[in-house]
*Asks:* 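Sharing a structure here in structure tokens format.
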Amino acid sequence: PVLDLFSTQLQMEARAQYQYGLLRTISQINQLIMRNNQSVSLLEQSCQLLSQGRDYGLVWISLFDGSKAQRGDNEDLDVKELRKGNSPLQADVKAGPLAGKSGALKDEQYLTAAQTVLSESVLATRRPSVFKETPLANPFWQSGLHKAGISACAAFPMRHEASTIGALCVYATRTDIFDNPDEISLLQELADDLAYALISLEARQQQAFLSTAAETMRDGLIITDLH
């Protein structure tokens, strides 16, 4: 009994320390959001921070094509077509041990198939999707992800108002890593924060472009008047 209490106390302290580490990482990413003016750089650094010091083998952010960003859960998904490469993914950024130093994925075909299915899942439902084992039913794909060292994975929709602009997907090396509902909530909050940041950056860039265009037009009118 005393040993059991001691063991339980150690487990609680370990969970608290793990949770604190995630909160600290999310705080660092929020600081990036405040000072970063480049979308790709923001996503790259966010993936790198999230994948460091945790049991995440890969953090992969996919952005959707604008025409797909508002699809609802009333539309069917054709997974066979997705695996052929007919995907709604517009761009992606990844980091973690499985991504390699150059960003080239180890066991790429398995991870790419999983990423496509995960991204389509959150695009359709706008809710987090958590999979112990793998999101792929086919034993061939399952064995491939196991070989890559993936024990569980989760996807979080990057939501802004009525749109889902992308997916934050996390591939873990422990089966139980997403059992904590607080971890799911924090990662979903982060996904939404990143979506807001990307939309805000795009709006600022458009405003800067329009301001520059207006200045150019005004200069042109002044020159014309002089002649």
Side-chain angles (χ1 to χ4, degrees), residues 20-70 87-108 111-112 114-116 118-120 122-123 126 128 148 150 153-173 183-213 215:
Y20 172 75
L22 179 58
L23 286 168
R24 183 175 57 186
T25 298
I26 290 176
S27 176
Q28 292 172 331
I29 294 174
N30 284 330
Q31 292 176 27
L32 282 177
I33 289 174
M34 295 295 293
R35 65 174 185 261
N36 202 310
N37 294 320
Q38 298 294 326
S39 299
V40 174
S41 175
L42 171 61
L43 295 180
E44 287 177 344
Q45 293 180 65
S46 297
C47 286
Q48 289 168 2
L49 281 171
L50 198 55
S51 65
Q52 291 172 359
R54 309 189 65 75
D55 295 314
Y56 297 162
L58 180 67
V59 178
W60 191 341
I61 294 176
S62 294
L63 301 182
F64 300 136
D65 179 88
S67 63
K68 302 282 187 176
Q70 294 187 358
S87 166
L89 306 185
Q90 181 185 46
D92 57 31
V93 175
K94 60 188 80 71
L98 292 177
K101 292 183 179 179
S102 64
L105 288 173
K106 301 175 182 178
D107 301 299
E108 182 173 4
L111 291 165
T112 300
Q115 180 71 9
T116 303
L118 283 171
S119 299
E120 274 287 326
V122 298
L123 176 58
R126 305 192 79 229
I150 299 300
C153 48
F156 305 89
M158 297 169 64
R159 304 171 301 196
H160 179 72
E161 297 180 350
S163 297
T164 303
I165 69 168
L168 167 63
C169 300
V170 180
Y171 298 83
T173 57
E183 183 144 359
I184 300 299
S185 298
L186 288 170
L187 289 171
Q188 181 56 63
E189 183 177 343
L190 174 61
D192 291 339
D193 287 346
L194 287 171
Y196 179 80
L198 293 177
I199 295 295
S200 298
L201 281 173
E202 183 179 5
R204 289 202 296 269
Q205 291 167 356
Q206 289 178 349
Q207 183 61 43
F209 173 79
L210 291 174
S211 297
T212 301
E215 289 292 335

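Sequence positions, counted from 1, serve as the residue numbers for this chain.
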*Asks:* When you compare the side chain of Leu43 with that of Leu198, does any pair of heavy atoms fall below 4.5 Å?
*Replies:* yes
*Asks:* Kindly give the heavy-atom pair with the smallest separation between Arg159 and Arg126, and that separation in Å.
*Replies:* NH1-O, 3.1 Å
*Asks:* Within this structure, what is the OH-OG1 distance for the pair Tyr56 and Thr173, rounded to the nearest 0.5 Å?
*Replies:* 10.0 Å
*Asks:* Quick one: closest heavy-atom pair of Asn36 and Ser41, and the distance?
*Replies:* ND2-OG, 3.3 Å
*Asks:* List for me each residue that meets salt bridge (charged side-chain N to carboxylate O under 4.0 Å, His left out) alongside Glu44, sequence neighbours excluded, and say none if there are none.
*Replies:* none
*Asks:* Quick one: pull up CG in Leu194 and CD1 in Ile199 and give me the separation to the nearest 0.5 Å.
*Replies:* 12.0 Å
*Asks:* Does a side-chain heavy-atom distance below 4.5 Å link Glu189 with Asp192?
*Replies:* no
*Asks:* Calculate, to the nearest 0.5 Å, the distance between atoms OG and CG belonging to Ser27 and Leu22 respectively.
*Replies:* 11.0 Å
*Asks:* Of the non-hydrogen atoms in Ser119 and Cys169, which two are nearest, and what is the gap between them?
*Replies:* OG-SG, 4.1 Å
*Asks:* Can you give me the closest heavy-atom contact between Leu58 and Ala99, atom names plus distance?
*Replies:* CD1-CB, 3.7 Å
*Asks:* Just how far is it from atom CD1 of Ile165 to atom OG of Ser62, taken to the nearest 0.5 Å?
*Replies:* 12.0 Å
*Asks:* Grab the two heavy atoms, one from Leu98 and one from Ala148, that are nearest each other, plus how far apart they are.
*Replies:* CD2-O, 3.3 Å
*Asks:* Looking at Phe64 and Thr164, what are the two nearest heavy atoms and their distance?
*Replies:* CD1-O, 3.3 Å
*Asks:* Would you call Gln28 and Gln52 a side-chain contact if the rule is heavy atoms closer than 4.5 Å?
*Replies:* no
*Asks:* Quick one: are Gln115 and Leu111 in side-chain contact, heavy atoms under 4.5 Å?
*Replies:* no
*Asks:* With sequence neighbours excluded, what pairs up with Asp193 under the salt bridge (charged side-chain N to carboxylate O under 4.0 Å, His left out) test?
*Replies:* none
*Asks:* Looking at CG of Asn30 and CZ of Arg35, how far apart are the two atoms once the value is rounded to the nearest 0.5 Å?
*Replies:* 11.0 Å
*Asks:* Can you confirm whether Met158 sits close enough to Ile61 that some side-chain heavy atom of one is under 4.5 Å from a side-chain heavy atom of the other?
*Replies:* yes
*Asks:* Could you point out which residue of Leu190, Ile184, Val122, Leu118 forms a side-chain contact (heavy atoms from CB on, under 4.5 Å) with Phe156?
*Replies:* Ile184
*Asks:* Apply side chain to side chain contact (heavy atoms under 4.5 Å, CB included) to Glu183 and Leu186, showing your working.
*Replies:* CA-CA 5 Å; Glu183 183 144 359; Leu186 288 170; 5.9 Å; no
*Asks:* Measure the spacing between CG of Leu168 and SG of Cys47 and express it to the nearest 0.5 Å.
*Replies:* 7.0 Å
